[in-house]
Amino acid sequence: MPSSVIVRIGPFAIHWYGVLIVTGTLTAAWLAAKQAQRAGDDPEHVWNALLLCLFLGVVGARLYHVVSSLSYYLSHPGEIFGLQMSGFGIYGAVAGGALGLWLYARRHHLSFLRWADYAAPGLALAQAIGRWGNFFNQELYGYPTRLPWGIYIAPENRLKGFEQYERFHPTFLYESLWNLLSFAILLVLSRKAAKRLLPGDLFLLYGVLYPLGRFFIEFQRPDAWKIGGVPTAQWVAIAAILFFGSVLIYRHQRSGAVAVSEEEIPSE
């Protein structure tokens, strides 16, 4: 059984979860800077925007979690924010981070969509890395299984109603692998299809890919927050796929129609 702590120094402890989140974040920022530099933009904007994106990302992630457990936090409002807070939602993190990037881009007269494209592949990679923090915390696992890749969950970390089982689906692993695949798709497209992409395409595609995988992964979330008997993350996934997918398709149809109309204009 993995330990959630890497090392303890007196009363202080360094946790795997935090280290992996920081590793994923810095890796994503480094990759975004490389993407910007490759496109001829100043990569320093990535590092300058990072703190704002992180702050709003944490706030968004926390608020999403708080809403998912609203009855508890209404009774314990002092636990909503604090140094010992636990519980974050990735949808809230992405929304908060995107808001931070939009504010920074607006302040510095940059194209939000262009810089969101630089961030998209690294964002998927950061999620793939960060999900392994759930492994060390013995969380984000699925239903009991006898499959060879099932993971052992200690009795104290088993969900109510599953105390008699020992091995469970590694839901965190499924999401990590999906995010890794999404990263590969986005990175390859950014390199191989750059001339055919419109500004914002990679970000919009991320907005389809992640929810698509998350929709199916939610079937292995016995502790999922539900609305109307359906996991809330699946409702969000459906809405995101429809919105981002529609915008992606519409923009390319409109771009194609404009290109055709321009070709039909006779030259002088």
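Worth saying up front: this structure is predicted, and the values here are computed from it rather than measured.
In this structure, the side chains of F183 and L123 stay at 4.5 Å or more apart for every pair of heavy atoms. With a 4.5 Å cut-off on side-chain heavy atoms, I14 and V19 count as touching. A 4.5 Å side-chain heavy-atom check between R131 and L173 finds every atom pair outside the cut-off. Two residues are said to be in side-chain contact when any heavy atoms from C-beta on lie closer than 4.5 Å; Q220 and Y143 meet this criterion. Side-chain contact between V59 and F55 is present, with at least one heavy-atom pair separated by less than 4.5 Å. Side-chain contact between D41 and W115 is present, with heavy atoms from C-beta onward closer than 4.5 Å. A heavy-atom distance below 4.5 Å is found between the side chains of P2 and Q138. Between L125 and N179, every side-chain heavy-atom pair lies at or beyond the 4.5 Å cut-off.
When the side chains of ILVMFWY residues are joined at heavy-atom separations under 4.5 Å, either directly or via intervening members, Y91 and L140 end up in two distinct hydrophobic clusters. Both V94 and V67 belong to a single network of hydrophobic side chains, linked directly or stepwise wherever heavy atoms of I, L, V, M, F, W or Y lie under 4.5 Å apart. Y141 and I217 are not part of a single hydrophobic cluster, where members link through side-chain heavy atoms under 4.5 Å apart. Using a 4.5 Å cut-off between side-chain heavy atoms of Ile, Leu, Val, Met, Phe, Trp and Tyr, with links allowed through other members, L52 and I21 fall into different hydrophobic clusters. In terms of hydrophobic clustering, with Ile, Leu, Val, Met, Phe, Trp and Tyr side chains grouped at heavy-atom distances under 4.5 Å, W47 and V22 are assigned to a common cluster.
If you take CG on L198 and CG on L113, they are separated by 10.0 Å, rounding to the nearest 0.5 Å. Here the CG atom belonging to L31 is positioned 11.0 Å from the CZ atom belonging to R38, to the nearest 0.5 angstrom. Note that CG of L50 is 7.0 Å distant from CG of L26, once rounded to the nearest 0.5 Å. From R214, atom CZ reaches atom CG of L209 across 15.0 Å, with rounding to the nearest 0.5 Å. For the atom pair L56 CG and L101 CG, the distance stands at 11.0 Å (nearest 0.5 Å). The distance from the CZ atom of F135 to the CG atom of L20 is 11.0 Å, given to the nearest 0.5 Å.
Residues S190 and Q35 share a closest heavy-atom pair of OG-NE2, 3.1 Å. Looking at every heavy atom in both residues, A105 comes nearest to S111 through CB-C, 4.5 Å. Minimum interatomic distance between R196 and D201 (heavy atoms only, all atoms of both residues): O-OD2, 4.4 Å. Of all heavy-atom pairs between G100 and C53, the closest is C-SG, 3.8 Å. Nearest approach of L186 to A124, heavy atoms of both residues: CD1-CB, 4.4 Å. Here the closest non-hydrogen pair linking V208 and G245 is CG2-N, 3.5 Å.
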- Evaluate side-chain contact (heavy atoms from CB on, under 4.5 Å) for N137 paired with W16, printing each intermediate quantity in order. CA-CA 8 Å; N137 280 357; W16 276 109; over 6 Å; no
Note to self: Please evaluate residues Y206 and Q127 with respect to the criterion side-chain hydrogen bond (donor to acceptor under 3.5 Å, both in side chains), reporting the C-alpha separation (whole Å), side-chain torsions for both, the decisive distance (0.1 Å), and the verdict.
What the structure shows: CA-CA 12 Å; Y206 166 85; Q127 290 176 245; 2.3 Å; yes
Run the side-chain contact (heavy atoms from CB on, under 4.5 Å) test on I151 and R167 for me, step by step, so that the C-alpha distance in whole Å, both residues' side-chain angles and the decisive distance to 0.1 Å come before the verdict.
CA-CA 5 Å; I151 56 172; R167 304 188 72 81; 5.5 Å; no
Margin query: I'd like to know whether R114 forms a side-chain contact (heavy atoms from CB on, under 4.5 Å) with L110, so could you lay out the CA-CA distance, the side-chain angles of the two residues, the decisive distance to 0.1 Å, and finally the verdict.
Written below: CA-CA 8 Å; R114 185 177 179 89; L110 302 173; over 6 Å; no
ask   = Can you check side-chain contact (heavy atoms from CB on, under 4.5 Å) on Q234 and K226, steps first, answer last?
value = CA-CA 9 Å; Q234 289 186 325; K226 296 182 178 181; over 6 Å; no
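Looking at F168, F162, Y165 one by one, the single match for side-chain contact (heavy atoms from CB on, under 4.5 Å) with I153 turns out to be F168.
For W225 and Y64, the ring centers are positioned less than 6.0 Å apart. Residues F112 and Y104 keep their aromatic ring centres 6.0 Å or farther apart. Ring centroids of F136 and H15 are separated by 6.0 Å or more, keeping the two rings apart.
Y174 and H169 are linked by a side-chain donor-acceptor pair at a separation below 3.5 angstrom, with hydrogens and angles left out of the test. Side-chain atoms of Y210 and E175 include a donor-acceptor pair closer than 3.5 Å. Defined by atom type and a distance below 3.5 Å, a donor-acceptor pair is missing between the side-chain atoms of E139 and Y17.
Using a 30° and 60° split on the angle between ring planes, F219 and F215 fall in the perpendicular class, above 60°.
Panel note: side chain N134, backbone F172; no donor-acceptor pair is recorded below 3.5 Å.
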